[in-house]
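In what follows, a single structure is set out as structure tokens and then discussed.
As the structure is a computational prediction, the values presented were derived from the model and not from experiment.
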Amino acid sequence: MTRTGAREAVARLVDAGSWRSWDTPADVTGDSAYGAELRRAQERTGLDEAVLTGAATVRGRRVAILVGDFGFLGGSIGVAAGDRLAIAIRRATSERLPLIALPASGGTRMQEGTTAFVQMVKITAAVVEHKAARLPYLVYLRNPTMGGVFASWGSLGHVTIAEPGARIGFLGPRVYEALFGKPFPAGVQTAENLYGCGLIDAVTPLDELPGVVDRALRIIGTPPPDRIPAAPRQAPAIDVPAWRSITASRRADRPGVRELLRHNATELLPLNGTGQGETYPGLLLALTQLADTACVLVAHDRSSQTRQDPLGPGALREARRGMRLAADLGLPLVAVIDTAGAALSREAEEGGLSGEIARCIADMISLDVPTVSVLLGEGSGGGALALLPADRMLAAQHSWLSPLPPEGASAIVYHDTCHAAEMAEMQGVRSADLLAHGIVDRIVPECNDAADEPIQFSKRIGAAVREELARLMLEADGKSGISARVERFDRIGRTQSAVGRGPAQPQFAS
């Protein structure tokens with residue numbers, strides 16, 4: 001495929017006439033062979049180094065930009081290029097600008113050896129400082145992005161996109177063949193394969209990048225609400241048997257998170273995978289804007305979970321990526337729970353399922369941003385508990401939460417599955433019981449079943465989430481939120497017995 005030079009890449013991304021360089025001219029002196037090589041590269045490309053940095057506007061929004069040029073000594077990074085990148089990243093941080101990186105590089109500049117190699121640490125440190133300031137860092141991997149560049153500033157984006165057909169990887173094919181005496185396997189180091197492995201979020205042509213950048217920054221940069229919404233109106237209490245809710249939650253046509261987004265999200269940027277080589281269709285991760293509230297969404301997707309492809313440890317690692325993203329960007333997190341349970345398999349055990357459940361719970365408890373969890377339907381086992389602990393926990397009327405599916409609980413107690421309905425009632429799994437125990441804060445009604453009114457139900461859920469987020473963002477800081485989460489779970493179960501206390505008397509929020 002053809003390679004796009006740095007100046008052309010900038011011209012196709014930014015608003016016309018808005019580019020302002022931040023670079024001071026590189027100094028090339030001496031009569032060494034390397035100095036002569038640098039001067040030839042300058043003459044050939046019209047550039048003074050392998051990277052350009054500066055500021056511009058994209059769809060009217062000012063951003064800082066780092067861009068590599070493969071035509072300049074393979075886009076390799078030496079000391080001068082490393083200095084230029086680090087200085088620009090720190091300037092972007094000081095000016096509180098979003099940072100867009102468009103690398104194209106073969107990696108470290110071999111002519112400068114180890115001193116060039118360790119520049120990747122300096123560049124990475126600058127990116128870490130930028131992200132610690134809760135400023136966006138978006139990466140667009142161009143053809144090719146290899147070696148130390150991919151293994152440092154090319155792999156740290158909050159959102160990472162790649163050029164179609166781009167060659168992206170760590171070890172260069174020429175080096176591999178020289179070392180091992182055979183060609184590197186075909187089709188591995190491609191943008192499309194990395195997307196399939198959950199390492200990047202999208203494969204997008206350069207001409208479409210301005211729209212993606214605009215959408216991402218609209219979501220991330222949405223200001224918080226400036227008023228606390230009125231307290232929710234309480235609807236009359238309705239009591240239903242637990243088995244009725246469990247049956248309703250399992251209807252194939254029950255609306256899930258995709259319907260919730262369809263009827264509430266004004267902006268949506270789906271993300272893909274853990275960034276560590278795993279992707280899972282039953283877990284939806286996205287940057288989104290719910291009306292006037294920007295947030296990170298981590299959600300079980302009921303439409304993509306099957307017996308053959310249940311919720312596995314990779315899905316929870318993807319959820320934890322969303323939690324880190326929320327913390328990095330200072331955005332609230334919305335977690336949607338709707339799962340028949342985590343995988344029961346050798347692969348899940350060996351893949352660290354239990355540890356990932358524990359780490360999800362720990363991350364949810366310790367997040368220093370506002371959090372809302374929504375029990376949308378089924379809430380079975382550790383896969384559900386992993387996304388539960390939040391500042392505000394909401395439940396749809398026919399949602400439920402249980403250590404196991406009722407059939408599993410029946411098998412433990414009665415050695416059969418015939419007592420599932422009885423176990424569900426006894427264990428207090430329904431939303432009314434969760435409210436009475438202080439496990440959830442609010443029940444969103446269904447009239448009479450969400451599957452019979454999917455649009456209205458989805459809009460009620462969305463309105464409830466927006467109201468709770470708005471109140472959280474205005475009422476408390478992150479540290480007090482962490483303390484409140486811990487105190488809430490300390491109280492649960494202390495004031496009343498969890499079983500055998502008779503039917504709960506729920507209140508419902510409209």
Salt bridge (charged side-chain N to carboxylate O under 4.0 Å, His left out) against Asp83, all qualifying residues, sequence neighbours excluded: Lys122
Val334 and Val298, any side-chain heavy atoms less than 4.5 Å apart: no
Side-chain heavy atoms of Arg84 within contact of Asp48, under 4.5 Å: yes
Heavy atoms of other groups near Phe184 CZ, more than 12 under 6.0 Å: yes
Heavy-atom side-chain contact between Leu85 and Ile77 under 4.5 Å: yes
Tyr34, OH atom: more than 12 neighbouring heavy atoms under 6.0 Å: yes
Full working for side-chain contact (heavy atoms from CB on, under 4.5 Å) between Leu375 and Met393: CA-CA 8 Å; Leu375 193 55; Met393 295 184 280; over 6 Å; no
His130: which of Leu156, Leu99, Leu97 passes side chain to side chain contact (heavy atoms under 4.5 Å, CB included): Leu99
Nearest-0.5 Å distance, CG of residue Leu199 to CG of residue Leu141: 10.5 Å
Student check: side-chain heavy atoms of Leu217 and Pro136 closer than 4.5 Å: yes
Greater than 12 external heavy atoms within 6.0 Å of Tyr195's OH: no
Nearest-0.5 Å distance that lies between atom CD in Glu378 and atom CG in Asp338: 6.5 Å
Electrostatic pair Arg317:Glu356 at N-O distance under 4.0 angstrom: yes
Ionic contact status for Glu37 with Arg109, cut-off 4.0 Å: no
Student check: side-chain heavy atoms of Glu112 and Ser76 closer than 4.5 Å: no
Sole residue of Ile161, Ile65, Thr145, Leu66 in side chain to side chain contact (heavy atoms under 4.5 Å, CB included) with Leu102: Ile65
Verdict with supporting geometry, Phe70 and Met146, side-chain contact (heavy atoms from CB on, under 4.5 Å): CA-CA 11 Å; Phe70 191 80; Met146 305 294 294; over 6 Å; no
Under 3.5 Å donor-acceptor, Ser155 side chain and Ala151 backbone: no
Residues that Thr53 engages under side-chain hydrogen bond (donor to acceptor under 3.5 Å, both in side chains), provided they are two or more places apart: Asp23
Thr108 and Met110: CA distance, side-chain angles, deciding distance, side-chain contact (heavy atoms from CB on, under 4.5 Å) verdict: CA-CA 6 Å; Thr108 298; Met110 293 295 106; 3.8 Å; yes
Tyr280 side chain near Thr274 side chain, heavy-atom distance below 4.5 Å: no
Residues, nucleotides or ligands: over 12 heavy atoms within 6.0 Å of Arg39 CZ: yes
Heavy-atom closest contact (Leu52 atom, Arg7 atom, distance): CD1-CG, 4.0 Å
Test item: Ser366 and Arg485 side chains (from C-beta on) under 4.5 Å apart, heavy atoms: no
Smallest separation among heavy atoms of Arg3 and Pro144, with atom names: NE-CD, 3.4 Å
Leu287 side chain reached by Leu325 side chain, heavy atoms, under 4.5 Å: yes
All side-chain hydrogen bond (donor to acceptor under 3.5 Å, both in side chains) counterparts of Asp214, not counting sequence neighbours: Arg218
Inter-residue atom distance Ile365.CD1 - Ile482.CD1, 0.5 Å rounding: 9.0 Å
Leu297 CG to Leu260 CG distance, which is reported to the nearest 0.5 Å: 7.5 Å
Distance, nearest 0.5 Å, that separates CD of Gln276 from CZ of Arg320: 8.5 Å
Whether Ser304 side chain and Asp301 backbone form a donor-acceptor pair below 3.5 Å: no
Pair Leu271-Arg321, side-chain contact (heavy atoms from CB on, under 4.5 Å): steps then yes or no: CA-CA 10 Å; Leu271 305 177; Arg321 178 194 171 195; 4.0 Å; yes
